[in-house]
2 protein chains.
Amino acid sequence: MIKTKAQYEARAQIAKALAHPTRLLLLDALADKDLCVCEMTELVGADQSTVSKHLAILKETGILQMEKQGAMNVYSLRCQCLEQFFGCIESVLRQKVQAQQELVEI
Amino acid sequence: MIKTKAQYEARAQIAKALAHPTRLLLLDALADKDLCVCEMTELVGADQSTVSKHLAILKETGILQMEKQGAMNVYSLRCQCLEQFFGCIESVLRQKVQAQQELVEI
DNA sequence: CTCAAGTATGGCGATATGGCCATCTAGAAA
DNA sequence: TTTCTAGATGGCCATATCGCCATACTTGAG
């Protein structure tokens, strides 16, 4: 049940990679279709180097993979499990809203 | 498909709450049974104030709820969706290991 | 080879996070 | 009441994260 410190750190690192609004937007976009850095830079509206670093984090964590296509680097989802992840996040959000509604109604 | 900036920030905040080894340990322990702060302080092996702050983050996010029992504050899971979350994390971890094995075998 | 487009990386400042200590509060027991 | 245990909070410092700029690298075109 309870795991080692190293195991929790490994899991936390994955979660940390998923814990940034820009990276969540990138994952959402990549769920639709593969994209190159320049497309995602335009989508995000931040500096190209910023987007590149976000992608590097997701790639390093194993969530994305990258393939060179000429001068462009095309990124794609490497895992199909993100729906589970987002399902949990959404569930927590809904519960939070519900809890706040209960506070108002009392 | 693509959501607003505020929506991604709300989701990122949940993910961020889950992105710390100590908090993952606490959630793992609380999946087994409800616990008070002093029990979790002993389990984690950090300062009581540190554990209290971690719990406050999880409570604020809506993942945990707290109930006073005399002088003790007993925390419990508020959402049943963490298995989904951990399932995704585990899946990413396995994939990462597999990718590294492939690098070695080439 | 030279140039330009597409990316990655180093560096820097601003901000956020995490840990401990000290302190304050709440409830239970003497 | 005083005292003790349980817990929360403020403060401080160390470290991590994030964003941009500047720059280096890579690839295809000319």
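In what follows, chains are A, B, ... by sequence order, proteins preceding strands, each numbered from 1.
The CE atom of A:M66 sits 13 Å away from the C1' atom of D:dT27 (whole-angstrom rounding). Taking atom CG of residue B:L26 and atom P of nucleotide D:dG7, one finds them 13 Å apart after rounding to whole Å. Rounding to whole angstrom units, NZ of residue B:K68 and P of C:dT25 are separated by 14 Å. Here D:dT27 presents its C1' atom at 13 Å from CD of A:Q69, a figure rounded to the nearest Å. D:dG7 atom C1' lies 16 Å from atom CD of B:E42, rounded to whole Å. A straight line from CD of A:E67 to C1' of C:dA8 spans 18 Å, rounded to a whole angstrom. Between the C1' atom of D:dG19 and the NZ atom of B:K5 lies a distance of 12 Å, rounded to the nearest Å. Counting to the nearest Å, the C1' atom of D:dG19 and the CG atom of A:L25 are 16 Å from each other.
For the atom pair CD (A:Q98) and CZ (B:R78), the distance works out to 7.0 Å, reported to the nearest 0.5 Å.
Within residues 31-41 of chain B, the residues having any heavy atom closer than 4.0 Å to DNA chain D are, in order of number, B:C36, B:V37, B:C38. Proximity of residues 45-62 of chain B to DNA chain C (heavy atom under 4.0 angstrom from any strand atom) is restricted to B:A46, B:D47, B:S49, B:T50, B:K53, B:H54.
When distances are taken from the side chain of A:A71 to each of D:dT27, D:dC18, C:dG19, the shortest belongs to D:dT27.
Within the 4.0 Å cut-off from OP1 or OP2 of D:dT17, not a single side-chain nitrogen or oxygen of B:H20 is found. For A:K16 and D:dT17, the shortest distance from a side-chain N or O to OP1 or OP2 is below 4.0 Å. Here A:Y75 reaches the OP1 or OP2 of C:dA8: one of its side-chain N or O atoms lies under 4.0 Å away.
Contact of the A:Y75 side chain with the A:K59 side chain is registered, since non-hydrogen atoms from C-beta on lie closer than 4.5 Å. Using a 4.5 Å cut-off on side-chain heavy atoms (C-beta onward), B:L35 and B:V74 make no contact. Between B:C36 and B:N73 there is no side-chain heavy-atom pair separated by less than 4.5 Å. The closest side-chain heavy-atom distance from B:Y8 to A:T22 is not below 4.5 Å. Put simply, the side chain of B:L18 reaches to within 4.5 Å of the side chain of B:L27, judged on heavy atoms. A 4.5 Å side-chain heavy-atom check between B:C88 and A:L82 finds at least one atom pair inside the cut-off.
With the nearest nucleotide of DNA chain D identified for both B:M72 and A:A19, B:M72 has the one nearer the 5' end.
When the shell of 6.0 Å around NZ of A:K3 is examined, it contains more than 12 heavy atoms from other residues, nucleotides or ligands. The number of heavy atoms from other shown groups lying within 6.0 Å of CD (A:E9) is above 12.
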